[in-house]
Structure formats: structure tokens, C-alpha cells
Amino acid sequence: MSFSHIALTIAGSDSGGAAGIQADLKTFAFHCVHGTSVITCITAQNTLGVDRVQKINSDMVKAQIEAIMNDINVQAVKTGMLFNQDIILTVSQQIKQWKLSQLVVDPVMVSRTGVKLIDDRAIASLKTHLIPQALILTPNRYEAQILSNLSINSLEDMKQAAQIIYNLGAKFVLIKGGGMKDDLQGVDVWFNGKTWEILTTETIKTKHTHGTGCTLSAAIAANLALGKEPFIAVKQAKNYVTTALKYGLEMGKGTGPVGHFFPLLTS
Ligand code: PXL
């Protein structure tokens, strides 16, 4: 019988193995989903931070997508760090061309610690070309502030921002509370165009959170590739990330990765 649990990540490489492509492929594998990958940029980074970033030419990004799509039956896609306007426009055009509707867009613009990762032209293209094609959009607090033009400090702010961001064209919006203060840390807000759901899990007190956002969007895409409905896919992905955080890896001198294969770590 042909195997159809296949997902694609379009994202950057993290040499430290915590975020980006490396986090995504581990997350797919954990879910028994075959992972394909399109690399948009290469970061030289470790647990202490990013030293250097090198982009991949957009024609090579296009060639990677075409090679996969011409042969492999991809069920769901996630996008992560797309780096610049040129790559965002190429990826957006390819997603339209291949009719990739099971699309999770992690609008990587600002890290969950508040560091800006892409320029204003790239943000404008994300808004007009990629986000309208998203099934599920997963901004963190800072990205939600940019996309909504609101200052987000409370649950009410998160709900209002979700409504504004929904109008950019994504079918579902999940605003992540990881960048919020105190008791809103583990609280995410889901909006489907009509109603909100407040998703809560226990807050894990750990320093080792590197790759949390990438892992969440990859787990959502994996669940979509397994045939789950969007809201179920998100709830289960959030539980996965919470447990992976519980088993965060104490390694390097800085922020270690979440434990993607936590069942193997317990024995
Ligand atoms: O968390 C955003 C992110 C995504 N992908 C890669 C990154 C980062 C942040 O540094 O390096 C490759």
C-alpha cells in the first residue's frame, strides 16, 4: 500500500539542531510522518545565538520545491524562516501553483525573545502573498503585534489581535502566548472567524525552549498529514510541545532544544 503520511517544511537550517529544518524533521519523524525539506537559508548558530545567516538563491528554493512536488505526494506543508522578499514571493507562487491547501504558516519575523529576523519589505510580502493562502497561521506575541498593529499585553488583546489578523486571509489563527508574561505564558488563542478558543496547558519552567515555535508548527503540519482536523491538529501539537519542553535538553552554554523524542529520554 502506498505511504501517504508525508509533510514538507520550507525553512532555515539551524546548525545547532534546535530550531528550523532540524526541529521540523525530528518532529515529523516523531509523528511517523515522512519529512521532506526545502532549505531557504543556512544559519551558523548554537545555543547562545545566531552568528551568521546565508540565504539560498530563490531559484534554488524553487528547484527544491519542484523536485519534491513533481514526484512526492505531500499531504501538508509548513513554512518557517523565509528570510527575504524574494524567497517569500517564490514560495508563495509555488504554493499557489501546486495548490498546497494544508498549509501552516509560522510567520517567522521576530524570535520569541523579541529579536527581529526579517526586514519590512519581507513582512509586507508575507502579509499580501503568503498569509492569505494559510490554513493555519501561528504568530507569537511580537509577530501578532506587527500583523495587527496592536500592543498585546492581555488575553483580551490576544483575542482582538486574532480577529484583526484573521482578516489577512488565513482560515484559522493561533496566537501563541509563549512571549507573554506570567500566567499567560502557556495560553494560546485560537480564532476560526467566528469564535475564540483559549488553549491552556501547564506552564513548564525551563530555560531550554529553543525551537519551540518551529516544533509547534511542524507538529501541526504532521497532524494534518495524518488526516486530523485543524483544531484537533493544533490541540495535539500543543500537548506535544508541552511534553517536549518538559524534557528540554540541558546542553551547550545557552538555551538548549526541546526534547523531541521525550519517550526515549524517560528510560
Ligand atoms: O524561531 C525562529 C527561527 C526559525 N528558524 C531558524 C532560526 C530561527 C531563529 O533564530 O534560526 C533557522
Side-chain angles (χ1 to χ4, degrees), residues 7-28 35-58 60-61 64 77-85 87-88 91 103-119 122-123 126 130-131 134 136-147 174-180 185 188 206-222 237-238 240-241 244-245 248-249 251-260:
L8 163 64
T9 168
I10 306 175
S13 165
D14 168 5
S15 55
I21 290 281
Q22 288 81 358
D24 297 344
L25 292 177
K26 279 182 272 190
T27 301
F28 292 163
T36 58
S37 60
V38 168
I39 299 184
T40 58
C41 61
I42 298 175
T43 68
Q45 75 173 291
N46 54 27
T47 64
L48 295 171
V50 178
D51 293 335
R52 218 175 124 174
V53 187
Q54 168 107 47
K55 78 176 174 83
I56 302 294
N57 286 339
S58 61
M60 185 57 194
V61 170
Q64 292 175 78
V77 182
K78 76 147 271 191
T79 62
M81 187 164 165
L82 298 178
F83 190 73
N84 67 13
Q85 185 182 41
I87 295 174
I88 290 167
V91 168
L103 174 66
V104 184
V105 173
D106 183 0
V108 176
M109 300 188 247
V110 190
S111 74
R112 69 199 280 280
T113 51
V115 180
K116 204 165 171 204
L117 299 168
I118 63 174
D119 65 23
I123 291 174
L126 259 185
L130 189 59
I131 289 175
I136 303 174
L137 180 70
T138 65
N140 63 25
R141 175 199 183 186
Y142 303 104
E143 291 154 353
Q145 290 189 151
I146 292 173
L147 293 174
L174 180 76
I175 299 187
K176 301 175 288 189
M180 301 294 288
Q185 276 241 319
D188 300 342
T206 175
K207 175 183 168 197
H208 305 298
T209 58
H210 201 163
T212 309
C214 303
T215 300
L216 179 77
S217 54
I220 298 171
K238 185 166 167 59
Y240 171 66
V241 171
L245 274 166
L249 307 181
M251 51 166 263
K253 299 182 194 73
T255 306
V258 301
H260 288 100

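One-based numbering, in listed order, for ligands and for the atoms of each. For reference, positions follow the sequence shown, starting with 1.
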Under a plain distance cut-off of 3.5 Å, with no hydrogens placed, do Thr9 and Lys78 share a side-chain donor-acceptor pair?
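Their side chains do not contain a donor-acceptor pair, so the 3.5 Å distance test is not met.
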Determine whether the side chains of Thr215 and His260 contain a donor N or O and an acceptor N or O closer than 3.5 Å.
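Yes - a donor-acceptor pair under 3.5 Å links their side chains.
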Below 4.0 angstrom from a heavy atom of [X], which ligand 1 atoms are there? Numbered from 1 as shown, please.
X	value
Gly20	5 (N), 12 (C)
Val108	2 (C)
Gly12	12 (C)
Thr43	11 (O)

State, to 0.1 Å, how close Phe28 and Ala218 come at their nearest heavy-atom pair, and which atoms those are.
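That closest heavy-atom pairing would be CE2-O, 3.3 Å.
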Using a 4.5 Å cut-off on heavy atoms from C-beta on, say whether the side chain of Thr47 contacts that of His208.
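No - every pair of side-chain heavy atoms lies 4.5 Å or more apart.
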When you measure from the side chain of Thr43 to the backbone N and O of Val50, does any donor-acceptor pair fall under 3.5 Å?
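Not a single qualifying donor-acceptor pair exists.
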For ligand 1, does Val50 get within less than 4.0 Å through its side chain, its backbone, both, or neither, judged by non-hydrogen atoms?
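The answer is the side chain of Val50.
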State the CG-NZ distance between Asp106 and Lys176, to the nearest 0.5 angstrom.
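Reported to 0.5 Å precision, the distance equals 4.5 Å.
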Do any nitrogen or oxygen atoms of Ser13 come within less than 3.5 Å of a nitrogen or oxygen of ligand 1?
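No, since none of the N or O atoms of Ser13 sits under 3.5 Å from an N or O of ligand 1.
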If you measure from each heavy atom of Cys214 to ligand 1, is any distance below 4.0 Å?
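Per 4.0 Å heavy-atom rule, Cys214 contacts ligand 1.
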